[in-house]
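Below: one structure, written as structure tokens.
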Amino acid sequence: MATFSRKISVIYVFLLLSITFSDYGFLRGVSSFGINYGQVANNLPQPEKVLDLLSALKLNKARIYDTNPQILTAFANSSVELIVTIENQMLAVVMDPQQALQWVSTHIKPYFPATRITGIAVGNEVFTDGDTSLLQYLVPAIVSIHGALAQLGLDKYIHVSTSSSLAVLAESYPPSAGTFKTEVAGIMQQLLQFLSSTKSPFWINAYPYFAYKDDPNRVSLDYVLFNPNVGMVDPYTKLRYDNMLYAQVDAAVFAIARMGYGNIEVRVSETGWPSKGDANEIGATVENAAIYNRNLLRRQLGNEGTPLRPNMRLDVYLFALFNEDMKPGPTSERNYGLYQPDGSMAYNVGLSALSSIPSSSSSSSTSSASISTITSSAAKVKP
């Protein structure tokens, strides 16, 4: 029997084979960067104003959590590429091919191609949703929606996938040990087979913030914020990681490879850092949020890949554009936005921020003990 390290090496080799910031505020010309435009609020600007903001910031990729007709209409004839979402409660309906065709004919076809819809997320974090009955609907719904797109001649332009929480992983440290939880393995196999056959991406919601919040004494703040740090080396691949997000993404890549699919691209559908939180939400500060997002944007400027896939740029969608005052849960949930609903910045991550917010000069090491909490962070699901 091959040793574990030998198996890891085989998987590793298989996988390897297989912007500028503006003074106005944000960034320009980064094709691998998008933003989540959530709407769980009662005070957001009209979609036309949101489009003006995105245009001013030179952002050309956005993700919404429904198919709001006002947004789809407002974004017509713009440069913004949109990923739309089928809500979890609709999965049982659209798993029927006729219902899926009706849904696509009603929610997609009237707006495309004037509105640049590039993807449909069938549900969000279904694998870790409290309603476990949703799992049986997920893949049939995805297949039916894709079939409807194909019937209408749209499948070549719009990919179909779903976004998963990092909690689908049973192991994520070290990245080469990445594995899916056994209870989702059966459905995951079906999903991965679909993604592979249609060349669609696997989307993951990854939040290093949760790992730091849960164990700030052992998890290096510099490591989770992309600041200079000693980092960690995967003992099996010998790859060095200087930030937790890339480690989380590569853990997902390894988990997918273990299921037999080394050709699927992993993209980040959500990541971010809250600028405010409750007393027990350690690290939820304006300064940390600005540093995390600023450093993330710097990485995006370089079109970086992860250590495992250095030549494949990592597509990332930041959470979120606005603070959303009606989101349930702890205070942090309402404070992930870069902007307030009135259009003012919650904090500045533009060029002025880069010169005014110093990077931490600490070089705290990231020991195996501290990084091991990545595994526990994988069990955290963003509400």
Side-chain angles (χ1 to χ4, degrees), residues 34 36-40 47 62-76 80-165 168 183-205 261 264 267 269-270 317 381 383:
N36 287 279
Y37 169 17
Q39 306 153 58
V40 188
R63 177 171 171 254
I64 60 176
Y65 293 86
D66 54 18
T67 51
N68 186 322
Q70 289 183 297
I71 295 176
L72 296 182
T73 300
F75 280 44
V80 177
E81 298 178 3
L82 271 181
I83 294 176
V84 301
T85 305
I86 299 177
E87 299 91 330
N88 288 4
Q89 62 268 25
M90 284 295 297
L91 298 188
V93 176
V94 298
M95 66 180 291
D96 175 78
Q98 286 304 118
Q99 292 293 335
L101 181 60
Q102 178 63 36
W103 187 91
V104 172
S105 298
T106 303
H107 294 82
I108 302 297
K109 187 178 180 182
Y111 306 98
F112 185 89
T115 300
R116 301 179 66 188
I117 301 170
T118 59
I120 298 175
V122 181
N124 185 54
E125 299 192 344
V126 175
F127 284 99
T128 51
D129 192 283
D131 184 359
T132 56
S133 67
L134 292 175
L135 273 178
Q136 64 184 307
Y137 308 135
L138 178 60
V139 176
I142 288 174
V143 171
S144 292
I145 289 295
H146 180 263
L149 290 172
Q151 191 170 336
L152 297 172
L154 303 178
D155 57 309
K156 295 179 180 179
Y157 310 101
I158 303 173
H159 78 259
V160 182
S161 188
T162 190
S163 294
S164 296
S165 162
V168 296
E183 56 266 35
V184 305
I187 306 298
M188 187 62 70
Q189 179 74 32
Q190 298 173 33
L191 171 63
L192 296 176
Q193 183 177 6
F194 170 85
L195 297 180
S196 178
S197 65
T198 59
K199 297 180 172 55
S200 299
F202 182 93
W203 291 97
I204 192 81
N205 295 342
Y261 299 95
I264 295 176
R267 300 178 183 175
S269 40
E270 289 183 17
Y317 280 67
V381 182

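As the structure is a prediction and not an experimental result, all values here were calculated from the model.
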Phe112: partners by ring pair (Phe, Tyr, Trp, His ring centres under 6.0 Å), with sequence neighbours left out
Tyr157
Across all chains, not counting sequence neighbours, the ring pair (Phe, Tyr, Trp, His ring centres under 6.0 Å) partners of Phe75 are none
Ignoring hydrogens and angles, tell me if any N or O in the side chain of Gln136 forms a donor-acceptor pair with the backbone of Ser133 under 3.5 Å.
yes
Exam field: side chain Thr115 to backbone Leu72, donor-acceptor pair closer than 3.5 Å
yes
Carefully, step by step, assess Ile64 and Thr85 under the rule side-chain contact (heavy atoms from CB on, under 4.5 Å).
CA-CA 6 Å; Ile64 60 176; Thr85 305; 5.7 Å; no
Just how far is it from atom CD1 of Ile86 to atom CD1 of Ile145, taken to the nearest 0.5 Å?
3.5 Å
Answer yes or no: is there a donor N or O on one side and an acceptor on the other, between the side chain of Asn36 and the main chain of Gly38, under 3.5 Å?
no
Between Val160 and Leu149, is the side-chain contact (heavy atoms from CB on, under 4.5 Å) condition met? List the steps.
CA-CA 9 Å; Val160 182; Leu149 290 172; 3.4 Å; yes
Rounded to the nearest 0.5 Å, what separation is found between the CD atom of Glu125 and the CG atom of Leu134?
12.5 Å
So does Pro201 get a backbone contact from the side chain of Ser161, meaning a donor-acceptor N/O pair under 3.5 Å?
yes
Applying side-chain hydrogen bond (donor to acceptor under 3.5 Å, both in side chains), name anything that partners Glu81, two or more places apart in sequence or on another chain.
Arg116
Going by the ring-ring contact (aromatic ring centres under 6.0 Å, His included) test, which pairs reach into residues 121-141, not counting sequence neighbours?
none
Could you pull out the closest heavy-atom pair between Thr128 and Val168, with the gap in Å?
CG2-N, 4.2 Å
Verify the neighbour count for atom CD of Glu87: are there more than 12 heavy atoms of other residues, nucleotides or ligands below 6.0 Å?
yes
Any donor-acceptor N/O pair, Ser197 side chain to Gln193 backbone, under 3.5 Å
yes
At their closest point, which heavy atom of His107 faces which heavy atom of Tyr111, and how far apart are they?
O-CD1, 3.4 Å
Considering residues at least two apart in sequence or located in another chain, which fulfil the ring pair (Phe, Tyr, Trp, His ring centres under 6.0 Å) criterion with Phe194?
His146
Ala148 meets the side chain to side chain contact (heavy atoms under 4.5 Å, CB included) criterion, sequence neighbours left out, with Ala100, Leu101, Val104
Return the CG to CD distance between Asp96 and Gln102, rounded to the nearest 0.5 Å.
11.0 Å
If only side-chain N and O atoms count, and only distance matters, is there a donor-acceptor pair under 3.5 Å linking Gln189 with Tyr261?
yes
Taking every heavy atom of Pro110 against every heavy atom of Ser105, the minimum-distance pair comes out as CD-O, 3.2 Å
Looking only at heavy atoms, the pair that brings Leu82 and Ile71 closest together is CD1-CG2, 4.3 Å
Taking all non-hydrogen atoms of both residues, which atom of Thr162 and which atom of Gly123 are closest, and how far apart?
OG1-O, 3.3 Å
Closest non-hydrogen atom pair, Trp103 against Thr67
CZ2-CG2, 3.6 Å
When you look at Ser196 and Ile264, which way does the side-chain contact (heavy atoms from CB on, under 4.5 Å) test go after all the steps?
CA-CA 6 Å; Ser196 178; Ile264 295 176; 4.2 Å; yes
Between Asn205 and Ser269, do the side chains contain an N or O donor and an N or O acceptor separated by less than 3.5 Å?
yes
Polar side-chain atom of Asn88 near backbone of Asn124 as donor-acceptor pair, under 3.5 Å:
yes
Under a 3.5 Å distance rule, please check whether Ser164 uses its side chain to pair with a backbone N or O of Ile204 as donor and acceptor.
no
Rounded to the nearest 0.5 Å, what separates atom OG in Ser165 from atom CH2 in Trp203?
16.0 Å
Could you give the distance from CD (Glu183) to CG (Leu135), rounded to the nearest 0.5 Å?
9.5 Å
Candidate pair Gln99 and Met90, rule side-chain contact (heavy atoms from CB on, under 4.5 Å), full reasoning
CA-CA 10 Å; Gln99 292 293 335; Met90 284 295 297; over 6 Å; no
